[in-house]
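Computed from a predicted model, the values in this text were never measured in an experiment. Chain letters run A, B, ... following the sequence lines, proteins first and then strands; every chain starts at 1.
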Amino acid sequence: MRANPRKIAARLVHVLILFVFTVLLAFPFYWMVVATFKQNLDMYKMDNNPFLFNLPPTLANLHLLFYETRYVRWLGNTVMVGVIVVAITLLLSVPAAYALTRLTGKWGERLGIAIFLTYLVPPTLLFIPLSRVVAVLGLQDSLWSLVVVYPSFTVPFSIWLLMAFFKSIPKELEDAAMVDGLTRLGAFLKMVIPISVSGILTVIIFTFTLVTQEFVYALTFISPEAHQMVGVGIPIFLVRGDVYYWSSLMAACLIASLPIALLYNIFLDRFIAGFTVGAVK
Amino acid sequence: MAVVETRNLTKVFKEGELGAVNNVSLATHEGEFLVFLGPSGSGKTTLLRMIAGLETPTSGEILIGGQVVNQRSPRERRIAMVFQSYALYPHLTVYQNICFPLKAQKVPKNQHRQKVEWAAGLLSIGKLLDRKPRELSGGERQRVALARAIVREPAVFLLDEPLSNLDAKLRASAREELEQFHKNIGTTTIYVTHDQVEAMAMGDRVVVLHQGVVRQIGTPKEVYEDPADTFVATFLGSPPMNLLEFSDIIVGFRPEGFLPADLVAGNKQVTFRYRVKYVEYLGAERVLYGSIEDGHFESKEIISRLSWTMPTGYDAGSVHDFAVAESDLRFFDRKTEKRADPRPYPWQ
């Protein structure tokens, strides 16, 4: 087979673009890894190449992170709040989105938009009234305050996302399932949900990410070190006065972000399907 | 098997508006192939969906096998339905699709494979069992939908325009297969279509619907030859029946019965001077469009259909003696547009 020069050129451009993006996206991770294992002396000397080890690597920074802060506890807190919030979000948004798309006619869509609008009110505005709510509930300094507050923005977004998803499922499929022997609930559980796996996965990943990166509520509602979320604990306890523990900071961020990055990659295709559904027929 | 019956069945979607289905009473025969025929918006699909239990009637009763089923959910009615889009479950293989009703109805597991293979064999799709619906052609999808419908041996089959998504050629062969299929299994079948050719070819009887009202129920021969009103007369047949209005009466006759005078059989006939305006040549037949030179009806377009065996020479612009046998005339009341008794035709 003779190679077509135009095809080779196209292939080269393709590879080049991929290469540029790969470097662009992987580089921050590389720098974080390098920084994690650097000695302080190496880090702060301006003549040194910042991207390479100029002195032998060390585990001291990880030791600081794991033994002199409550990093593992914060990770655990984040996972716990994340899992509970994901569960609450799914429990509320899946039936709500289904009901809004299927059962309420024209008002369903308007109500869906109205619910989505609440997502657009920023936490920087809401944390003041919500801190009153948290106080009334007696949840100050407790992780449960976040479990109560986080669904206020994860649920509207998830409803909106799932509505687009359910709308793309033909109604005849549910009719067929009901004629074939299922109840409406059965058709919802055995037909609609399996077809919507992409949308539900998207909701899970997105909700978890929102919980991990949320800052304002986590900062204002909780003070004790043991009850911090990872996103707040790191900047509070690894920046002491004007001293930045850069290497430990990098290590903390790296460890917290890797699982989510992996999760994104595993479900990338379904994730994209979740966001583009309804965009193309 | 079972008989389906509706009693004064009515469905009103919006209060104060005309119903989608109005006061429909009909009954199938045992093992019959009954066709609901009507233009779009005539309520035929709504009627079918009420029988299936997917729509709740505003009033009236539905009986399947002699029992009122209004309060029963679709799954309790022992019906199977094939949808216009086939509604195959996209995330399941063909095997799982066909098996789905068995699982949903809690048929013992050890019978599943045997029943699925029986249904698949009946429709010769045994080789497709491992595929997903998106990997099938239109015709194959239709067969899978049918297999899924028969697998649990329902009392009644409901088919909602199952051929409308197929191209013309496939449609003809699928129609034949469906007829054959119905002969083999003999289950009472209700078939919805807007295609009169399908209705005439397949139906044991045809229910003609218009604006949610039953206009006529009868065999294809009855509804074609003895239409109950002017709607049925003009909806069936292509080109439609010629209608001439005169004082309180409408006289109708089919284009294929309106022929050159010397070709009309029988001695009792009505003759007109017919001016041909233009001719459509369709191979097996010629369709003449023209008018009757008789004062009363000059503006009315009258159609004649000549088969290819008949003599030529009826060109645009020419005037001839055309006639209809008296027995081919149909009379309708002008006010009610319903069928009326024959009477002397007043224009002669």
Side-chain angles (χ1 to χ4, degrees), chain A residues 90 94 97-99 101-110 162 164-204 267 269-274 276-281, chain B residues 13-14 45-46 48-56 72-92 96-107 132-134 141 144-162 165:
Chain A
L90 284 180
V94 174
Y98 179 72
T101 36
R102 279 286 187 268
L103 305 173
T104 40
K106 265 190 184 163
W107 280 98
E109 192 163 347
R110 288 174 206 167
L162 287 170
F165 227 92
F166 291 148
K167 241 179 264 171
S168 72
I169 299 175
K171 207 169 177 304
E172 280 196 343
L173 275 183
E174 286 158 59
D175 289 343
M178 286 201 282
V179 170
D180 278 347
L182 296 180
T183 57
R184 180 175 273 285
L185 183 67
F188 173 64
L189 293 176
K190 289 191 184 150
M191 185 58 47
V192 176
I193 288 189
I195 294 175
S196 318
V197 170
S198 301
I200 289 169
L201 268 178
T202 310
V203 164
I204 291 175
F267 295 116
D269 290 347
R270 284 176 176 274
F271 199 55
I272 290 169
T276 53
V277 69
V280 235
K281 193 123 200 183
Chain B
F13 280 109
K14 252 188 188 168
T45 295
T46 307
L48 191 77
R49 289 174 61 86
M50 282 196 283
I51 294 171
L54 296 169
E55 301 277 358
T56 317
R72 292 196 199 162
S73 64
R75 66 202 194 101
E76 293 164 331
R77 297 189 182 192
R78 290 189 59 223
I79 46 159
M81 188 157 169
V82 175
F83 292 84
Q84 193 170 358
S85 66
Y86 309 142
L88 299 180
Y89 308 129
H91 60 304
L92 303 177
Q96 290 166 325
N97 260 283
I98 302 175
C99 198
F100 191 89
L102 299 177
K103 277 190 189 162
Q105 303 264 339
K106 306 215 160 56
V107 173
K132 287 272 176 74
R134 64 169 177 277
R141 280 179 204 183
V144 174
L146 276 173
R148 187 177 70 188
I150 57 163
V151 73
R152 68 198 151 99
E153 299 163 62
V156 180
F157 257 128
L158 307 177
L159 306 170
D160 185 7
E161 310 221 17
N165 283 343

Option that, when pairs with chain B are counted at under 4.5 Å, heavy atom only, ranks first among A:Lys171, A:Met191, A:Met178: A:Met191
When you measure from the side chain of B:Arg148 to the backbone of B:Phe100, do you find a donor-acceptor pair of N or O atoms at a distance under 3.5 Å? no
What part of [X] gets closer than 4.5 Å to chain A, counting heavy atoms only: side chain, backbone, both or neither?
| X | result |
| --- | --- |
| B:Ser73 | neither |
| B:Leu88 | backbone |
| B:Arg152 | side chain |
| B:Ile79 | both |
| B:Gln84 | both |

Over 60° means perpendicular and under 30° means parallel, so classify the ring planes of A:Phe166 and A:Tyr98, tilted if in between.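 Aromatic pair A:Tyr98/A:Phe166 classed perpendicular.
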Can you confirm whether A:Ile169 sits close enough to A:Arg102 that some side-chain heavy atom of one is under 4.5 Å from a side-chain heavy atom of the other? yes
For A:Lys190, look at atom NZ and say whether over 12 heavy atoms of other residues, nucleotides or ligands are found less than 6.0 Å away.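 12 or below, so no.
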Around atom NZ of B:Lys103, are there more than 12 heavy atoms of other residues, nucleotides or ligands at under 6.0 Å? no
Name the member of B:Pro90, B:Ala80, B:Ala104 that forms the most heavy-atom pairs with chain A at distances under 4.5 Å. B:Ala104
Return the option, out of B:Ala52, B:Ala145, B:Ala87, B:Gly53, with the maximum number of heavy-atom pairs under 4.5 Å with chain A. B:Ala87
Decide whether A:Asp180 and B:Tyr89 meet the rule of one side-chain donor and one side-chain acceptor closer than 3.5 Å. yes
